[in-house]
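Below: the structure, in C-alpha cells.
Letters go in sequence order (proteins before strands), and every chain restarts at 1.
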Amino acid sequence: LKALFNELEFRTLAKRVFNEPEDGQLTLFEEPAEEVEKAELRTIRNTQHEYLVADTSDKIKEVVEQLLQAQEFCFDTETTGTDANNCELVGLSFAVKPHHAWYIPCPPDYNQTLEILQILKPAFDNPGILKVGQNMKFDLTVLHYYDIHPAGPFFDTMLAHYVLEPEQRHNMDYLARVYLNYEPVSIESLIGQKGGRQGNMRDVELSLIKEYAAEDADITLQLKHKLSSLLPEAGAEKLFNEIEMPLMPVLTSMEIQGVKIDVENLQQFSRDLEKDLFSIENEIYQLAGERFNIASPRQLGIILFEKLKIDDKPKLTATKQYATGEDVLEKLSGRHPIVEKILDYRELMKLKSTYVDTLPQMINPRTGRIHTSYNQAVTSTGRLSSTNPNLQNIPVRTERGREIRKAFIPRNPDYILLAADYSQIELRIIAHLSGDQAMQDAFRFGFDIHAATAAKIFKVPIEEVTREQRRAAKSVNFGIVYGISAFGLSQNIGISKKEAQLIIDEYFRQYPGIKTYMEKSIATARERGYVETIMGRRRYLPDINSVNANMRGFAERNAINAPIQGSAADMIKIAMINIHRELRNRNLNSWMVLQVHDELVFDVKRTEMDVVKPLVKEMMTNALPLSIPVEVDINTGENWLEAH
DNA sequence: TTAATCAGCGCGTAC
DNA sequence: GTACGTGCTGATTAA
C-alpha cells in the first residue's frame, strides 16, 4: 500500500515556489530549514488535548448528540488505502471544538460498520450543520460505499487554502505548520516509511490511531477557523462559497460514476500495435546497422548524430545529451529514412504504453469502470487536473490516437455518450475582457476566428485565406492565449524570430484592444501583485518586478494567461455545478462523467436525451454570460470519438 | 556486493 | 501557458 499521506500530497517538488510576501513564514520548507523550525513547532506531546474513543453504540450516540447540537463539525475518515473507490473504512474522527475530538473505530466486517454509520447518519444528513474537512472529496467517496451521503454545506480547508494561495501547497501538515505552528503526528509513525512494505491503517493499535485520527479532525477544525477569517480580506469568499465548495460534491459524483472502457477493443488494438512496433523496430535496426534501445533518448541520440551523422550541429538538451524530441526529428526527417521510422515508433509506443495497455489495468474491480481522480487544488490558474489515470490527455490529434477515444463507451446499452464543448472559449474570453472591437465583431458575426485573423494579418479577403495562412493565424491566436513571445511563435510555426515579431506586430495593429488589454494586465500585476479572473480568482505574481528578464517575462505571460485560462475554468465549473444540480433535482439517471477543461462528457440514458441535451447546452452557454456569444458544440455517440 | 527504489529528465499527450 | 504519465538512467538505500 502507498502511504496514506499521498492523499494530500499533491505538488511535485519542482512546483514548490516560495515567495510569501507578508510574513516570510512560508519559506520554512526547504528541508534544512524545516529541521530548524521543528523545534519551535507545537506537537501532540506538548499541547493540551482530549481525544476520546467511542467504541460502543451508546458512546457513538453520545457523539451524535454533540454533533447535532453544533453549528458545525469536522470529520475525517481513516481507511486501508488511498484509492477512495477501492478501500475500506477503518475509523472516523469528529471534532466540534478545538482540542477535543472523538475517534470511532470501524471493524473489518462491512455490515457491522454499516450499523455504526447508521447511528451517525442523522448528523451527516442534517443540512443545518456545516461539515468541515480536509480534502473532503476523499471522505465523501469513501462514505458513499457505506450508504452515507453527507448533505452540505461543506467547508473544505484544502479548497479554502487553494483560493487563498493557489500556488502553495494545501496538505494538512503544511497548513498546520503555517497557520497553527503545529506539527501533526506523521502517518509514517503509524504505518512505516513509504518505500518498503508499508503497513496498513487496519493494523495500527487503537490508542495510536485514535491520537492520530482525532488530531486530524481537531487540527482541521482549527484550520477552518483560521482560513475562514482570511477569505473575506482576500476577496475569495464568493469564489469559495459559490464555486469551489459546490463543485467539490459534483466532482465526487463524477469520480464515483466513472466511465466504462471497451477492454476487448483495446486489447485488439494493443496486438495490432505490437505487430507494427515489431516491424518498425526491425526496420530501424536495419537502417541503423545495429540493435539498440530505441526508447532510450541517449542511445538513440548516439546512433543518429554520431553513427549516422544526420546533422553536423546537433541540438543539445539541458544535460548536454543530443536532443531527439519530435520537433527536432521533424526538421531532420528528410535527411535519413530512419527518422520517420523513429517518429512512427515513438507515436505507437506512446499510445501502447501510456494508454492502450494501461487503461484496462485501471478498471476498478468493484465497479468495472475507470475512476479518475480530479484534483481541485493543484493548478495555479483554477483549472482541474486529472490523475490515476489522467483522462484529460486522451489522444485525439492523430488517426491512431483517436482509436483510444473509441474505447470510452456508455455504461450499458440503455445509455449513450454526450459530449459538449465550448468553442474557442479562451479567445472569446479575451475578446470579452479586452473589449477589442475587431475580435468582438468576428465572434458576433460568427466567423471562423482563425480565418478572420488570417484575413486581417495577411490583409486578404476572408474567402481567399489559404490553409497555410489559417494555420499560421491559428498558431498566433494560440500564442495570444498563452501570452505570446516572438520566440515561442517562431518555434511553433517554424519561422525566424524576426518574422514572428512582424506577424505579432501586425496582429496588434489589427486587434489594438488586445494589446492594450495585455499591457493593462501586466500593469495590474505590477501594482497589485496579482491578476484575477472574472470570478475574482487571484494569481499572485511576485516575479513581475524581477530584475531577471526571463523570470519577469514568465510572470508577464502569466499575468496575461492566468485571467484567460482561469476565467474559462470559472465558467465551466459554474456550468458543472448547475448541470449537476438540475440532473439530480430532476432525479434523472444520466450522469456527468468527464471534464476536459472546455468539454464535458455525460453518460446519458437514451430515454432522457431529449431532456439532458438541451439542459446541458443551456447551462453551459449561460454559465457566465460574456459580452459576445458563447457557443457550445454538442453531440452524441456510441463512444467518445463519435460523440466528439 | 547486489538488488530495489528513488529522483530527475526527455519526451509526448491533452486543452 | 496549464497539466500528468512512462521509460530510461544514474544515484541512493536496503537486503
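For the pair A:Ile480 CD1 and C:dT2 P, the interatomic distance rounds to 16 Å; values are reported in whole Å. Look at CG on A:Leu489: it is 13 Å from P on C:dG1, rounded to the nearest Å. Rounded to an integer number of Å, the gap from A:Ile425 CD1 to C:dT2 C1' is 17 Å. We find that CH2 of A:Trp640 is positioned 11 Å from C1' of B:dC15, with the value rounded to whole Å. In this structure, CG of A:Leu541 is placed 14 Å from C1' of C:dT2, rounded to the nearest angstrom. Atoms CG (A:Asn388) and C1' (C:dA3) sit 14 Å apart, rounded to a whole Å. Separating the CE atom of A:Met349 from the C1' atom of C:dT6 is a distance of 9 Å, rounded to the nearest angstrom. Atom-to-atom, CD of A:Gln361 to C1' of C:dT6 comes out at 12 Å; the value is rounded to the nearest Å.
For C:dC8, one of the phosphate oxygens OP1 or OP2 lies less than 4.0 angstrom from a side-chain nitrogen or oxygen of A:Asn293. Contact check, A:Ser386 against B:dA14: no side-chain N or O comes under 4.0 Å of OP1 or OP2. Regarding contacts with the backbone of C:dC8, every side-chain N or O of A:Gln321 stays at 4.0 angstrom or more from both OP1 and OP2. Contact annotation: A:Thr319 reaches the phosphate of B:dG10 (side-chain N/O to OP1 or OP2, under 4.0 Å). Side-chain nitrogen and oxygen atoms of A:Arg383 include none within less than 4.0 Å of the OP1 or OP2 phosphate oxygen of C:dT2. The shortest distance between the side-chain N/O atoms of A:Ser296 and the OP1/OP2 oxygens of C:dT9 is below 4.0 Å. Side-chain nitrogen and oxygen atoms of A:Thr381 include none within less than 4.0 Å of the OP1 or OP2 phosphate oxygen of C:dA3. One finds a side-chain N or O of A:Arg539 lying less than 4.0 angstrom from the OP1 or OP2 phosphate oxygen of C:dT2.
Few gaps surround CZ on A:Arg369; more than 12 heavy atoms of other groups in view lie less than 6.0 Å from it. Around NZ of A:Lys352, the count of heavy atoms belonging to other residues, nucleotides or ligands within 6.0 Å exceeds 12.
Each of A:Lys573, A:Gln392, A:Arg383 was checked for a side-chain hydrogen bond (donor to acceptor under 3.5 Å, both in side chains) with A:Gln595, and the lone residue meeting it is A:Gln392.
When the nucleotides C:dG7, C:dT2, C:dC4 are ranked by their closest atom to the side chain of A:Ser353, C:dG7 comes out on top. Comparing C:dC8, C:dT9, C:dG5 by their nearest atom to the side chain of A:Ala295 picks out C:dC8. Side-chain proximity of A:Ala318 to B:dG10, B:dC15, C:dC4: nearest is B:dG10.
A side-chain donor from one of A:Gln268 and A:Asp272 sits under 3.5 Å from a side-chain acceptor of the other. Between the side chains of A:Asn492 and A:Ser475, not a single donor N or O lies within less than 3.5 Å of an accepting N or O. Under 3.5 Å, the side chains of A:Tyr322 and A:Asp311 contain no donor-acceptor pair of N or O atoms. No side-chain N or O of A:Tyr374 forms a donor-acceptor pair with one of A:Thr387 less than 3.5 Å apart.
Residue-level contact check: A:Val481 touches neither bases nor backbone, having no heavy atom under 4.0 Å from any strand. Looking at heavy-atom distances under 4.0 Å, A:Ala568 makes no contact with the nucleic acid at all. Backbone-only contact: A:Phe554 has heavy atoms under 4.0 Å from sugar-phosphate atoms and none from a base.
By the 30° and 60° cut-offs, the orientation of the rings of A:His450 relative to A:Phe478 is parallel.
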Heteroatom pairs (N/O) under 3.5 angstrom, protein to nucleotides 11-13 of chain B:
| residue | atom | partner | partner atom | Å |
| --- | --- | --- | --- | --- |
| B:dC11 | OP1 | A:Thr324 | N | 2.6 |
| B:dC11 | OP1 | A:Thr324 | OG1 | 2.7 |
| B:dC11 | OP1 | A:Gly325 | N | 3.2 |
| B:dC11 | O3' | A:Arg346 | NH1 | 3.4 |
| B:dG12 | OP1 | A:Arg346 | NH1 | 2.9 |
| B:dG12 | OP2 | A:Glu326 | N | 2.6 |
| B:dG12 | N3 | A:Lys350 | NZ | 3.0 |
| B:dT13 | OP2 | A:Arg397 | NH2 | 2.7 |
| B:dT13 | O5' | A:Arg397 | NH2 | 3.4 |
| B:dT13 | O2 | A:Asn393 | ND2 | 2.6 |

